[in-house]
Protein chains: 2
Amino acid sequence: MISGKFAITLHILTLLSKFPDDYLSSDFIAGSMNVHPVLVRKEIANLKKNHIVESKEGKNGGTRLLKSASKITLDAIFKMTFDTVTLGFSKNEPNPDCPVGKQINKNLEHLYDDINQTISLQLNEITLEDFSNKF
Amino acid sequence: MISGKFAITLHILTLLSKFPDDYLSSDFIAGSMNVHPVLVRKEIANLKKNHIVESKEGKNGGTRLLKSASKITLDAIFKMTFDTVTLGFSKNEPNPDCPVGKQINKNLEHLYDDINQTISLQLNEITLEDFSNKF
DNA sequence: TACATTTGCAATAAATTTTATTACAGTATG
DNA sequence: CATACTGTAATAAAATTTATTGCAAATGTA
């Protein structure tokens, strides 16, 4: 199921890209998106794990980009949020005695894999800089 | 947010395509997917609205395809389930005083529109028959 | 050094969304 | 006319996402 992780992460990064030299606090970022600062810090933790941003603790602390916005693709962000586009699965174990039930999830998975690959190709052509320039 | 509508609908249609001459009951279909019959009937109601299937009430009733599986594309099914692929929006009204907050949803929407168009093109090439033949 | 500000993180609560269940009226079949 | 279905609405339960609270640790500044 798709949560707001991608959107939140992209919002964070867009803000950071607008102030590449400043450390922005999670409170400031959360204020722009009207979301809880703890949620912002959670996504930032994920960005740090991926070496996209760095943060500084303590007074006047915050977070800033580690990489140039022109070097970060939306596909990379997509992959970092661990979101995978699916159109849903049979979540209850389907009936293994039914030829369709037995294989439905495997076949859906193949279909969604193909879709994800296409999306990745598309998102790979768009950099954070491109996106940020729309603002 | 993406629910299981597409997957459920595709499962229903795959089953129907396997028995094109029979009326399958919602109980039978629900049994294959291990899901509640009422949920199946809800999705079937949607399929009927779109003239993809017809049902017969009463004893020995059920549902069957109205169109050949080779004439139904996965894109049509995708569109019928009203699912749109998104990677999430800022669901709380973002801060209108922030240049990023003010425009983020509009820009995400454009991005997702593009993605959906690509997915549609891809799903348009696959028929229910193609999908069904994998089983 | 003491204080204010900020991150980091875990635990819990609230809200939202999805799915299941219940109930019952209506319809065809044998 | 009894049985086996669909159709639909209302409610409940489950799952997921988002918000909140609480506090430790770090850091700049007076």
Side-chain angles (χ1 to χ4, degrees), chain A residues 1-9 11-12 15-16 19 22-50 52-64 66 81-84 86-94, chain B residues 1-9 11-12 15-16 19 22-50 52-64 66 81-84 86-94:
Chain A
M1 188 170 287
I2 287 215
S3 68
K5 283 168 68 108
F6 176 81
I8 290 171
T9 301
H11 195 149
I12 293 169
L15 278 173
L16 294 180
F19 305 94
D22 299 339
Y23 285 96
L24 303 186
S25 76
S26 61
D27 241 57
F28 173 82
I29 297 172
S32 161
M33 34 203 324
N34 192 13
V35 97
H36 205 277
V38 170
L39 185 51
V40 170
R41 295 209 279 273
K42 246 176 220 160
E43 297 313 321
I44 284 176
N46 187 33
L47 287 167
K48 282 197 311 198
K49 219 165 48 197
N50 285 279
I52 305 295
V53 304
E54 64 178 353
S55 338
K56 198 170 66 169
E57 293 186 28
K59 192 164 182 180
N60 301 328
T63 301
R64 70 174 180 187
L66 261 182
T81 56
F82 304 111
D83 271 341
T84 277
T86 87
L87 308 178
F89 288 101
S90 215
K91 58 190 306 194
N92 305 338
E93 199 61 43
Chain B
M1 189 169 286
I2 288 216
S3 69
K5 282 168 68 108
F6 175 81
I8 290 171
T9 300
H11 195 148
I12 293 170
L15 279 172
L16 294 180
F19 305 94
D22 298 338
Y23 286 96
L24 303 187
S25 78
S26 61
D27 242 57
F28 173 82
I29 296 172
S32 162
M33 33 204 324
N34 192 14
V35 95
H36 206 276
V38 170
L39 185 49
V40 171
R41 295 209 279 271
K42 247 177 218 158
E43 296 314 321
I44 284 176
N46 187 33
L47 287 167
K48 282 196 313 198
K49 219 166 48 198
N50 286 278
I52 304 297
V53 304
E54 64 178 353
S55 337
K56 198 170 67 169
E57 294 188 26
K59 193 166 178 180
N60 300 328
T63 301
R64 71 174 178 185
L66 260 184
T81 55
F82 304 111
D83 271 341
T84 277
T86 85
L87 308 178
F89 289 101
S90 215
K91 59 189 303 192
N92 304 339
E93 199 60 44

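Scope of the values below: all heavy atoms of this structure, side chains included, with no hydrogens, waters or symmetry mates. Note on naming: letters A, B, ... go to the chains in the order of the sequence lines (proteins, then strands), and numbering restarts at 1 for each one.
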Atom pair [atom1] ([X]) and [atom2] ([Y]), whose distance is rounded to the nearest 0.5 Å:
X: B:Thr63; Y: B:Asp22; atom1: OG1; atom2: CG; answer: 12.0 Å
X: B:Leu16; Y: B:Leu66; atom1: CG; atom2: CG; answer: 10.5 Å
X: B:Lys59; Y: B:Ser25; atom1: NZ; atom2: OG; answer: 13.5 Å

If only side-chain N and O atoms of B:Ser26 are considered, is one of them under 4.0 Å from the OP1 or OP2 phosphate oxygen of D:dT6?
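So the side-chain polar atoms of B:Ser26 do come within 4.0 Å of the phosphate oxygens OP1 or OP2 of D:dT6, strictly under.
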Once you round it to whole Å, what is the distance between [atom2] of [N] and [atom1] of [X]?
X: A:Lys5; N: D:dT17; atom1: NZ; atom2: P; answer: 9 Å
X: B:Arg64; N: D:dT6; atom1: CZ; atom2: C1'; answer: 16 Å
X: B:Glu54; N: C:dT27; atom1: CD; atom2: P; answer: 18 Å
X: B:Ile44; N: D:dT8; atom1: CD1; atom2: P; answer: 12 Å
X: B:Phe6; N: C:dT18; atom1: CZ; atom2: C1'; answer: 18 Å
X: A:Leu47; N: C:dT7; atom1: CG; atom2: P; answer: 14 Å
X: A:Met33; N: D:dT18; atom1: CE; atom2: P; answer: 10 Å
X: A:Asp22; N: C:dT6; atom1: CG; atom2: P; answer: 13 Å

According to side-chain hydrogen bond (donor to acceptor under 3.5 Å, both in side chains), who are the partners of A:Ser32, at least two apart in sequence or on a separate chain?
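With sequence neighbours excluded, A:Ser32 shows a side-chain hydrogen bond (donor to acceptor under 3.5 Å, both in side chains) to A:His11, given in chain and number order.
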Run the ring pair (Phe, Tyr, Trp, His ring centres under 6.0 Å) test against B:Phe89 and tell me which residues pass, sequence neighbours left out.
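Here the qualifying residues are B:Tyr112.
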Toward the 5' end of DNA chain D, by each residue's nearest nucleotide, B:Phe89 or B:Gly62:
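That would be B:Gly62.
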List the protein contact pattern of nucleotides 20-30 of chain D with one symbol per nucleotide (5' to 3'): B for base contact, S for sugar-phosphate-only contact, - for none; contact means a heavy-atom distance under 4.0 Å.
BB----BBBS-
Closer than 3.5 angstrom, by distance alone: can the side chain of A:Asn50 be matched with the main-chain N or O of A:Asn46 as a donor-acceptor pair?
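Pair found, side chain donor or acceptor close to backbone of A:Asn46.
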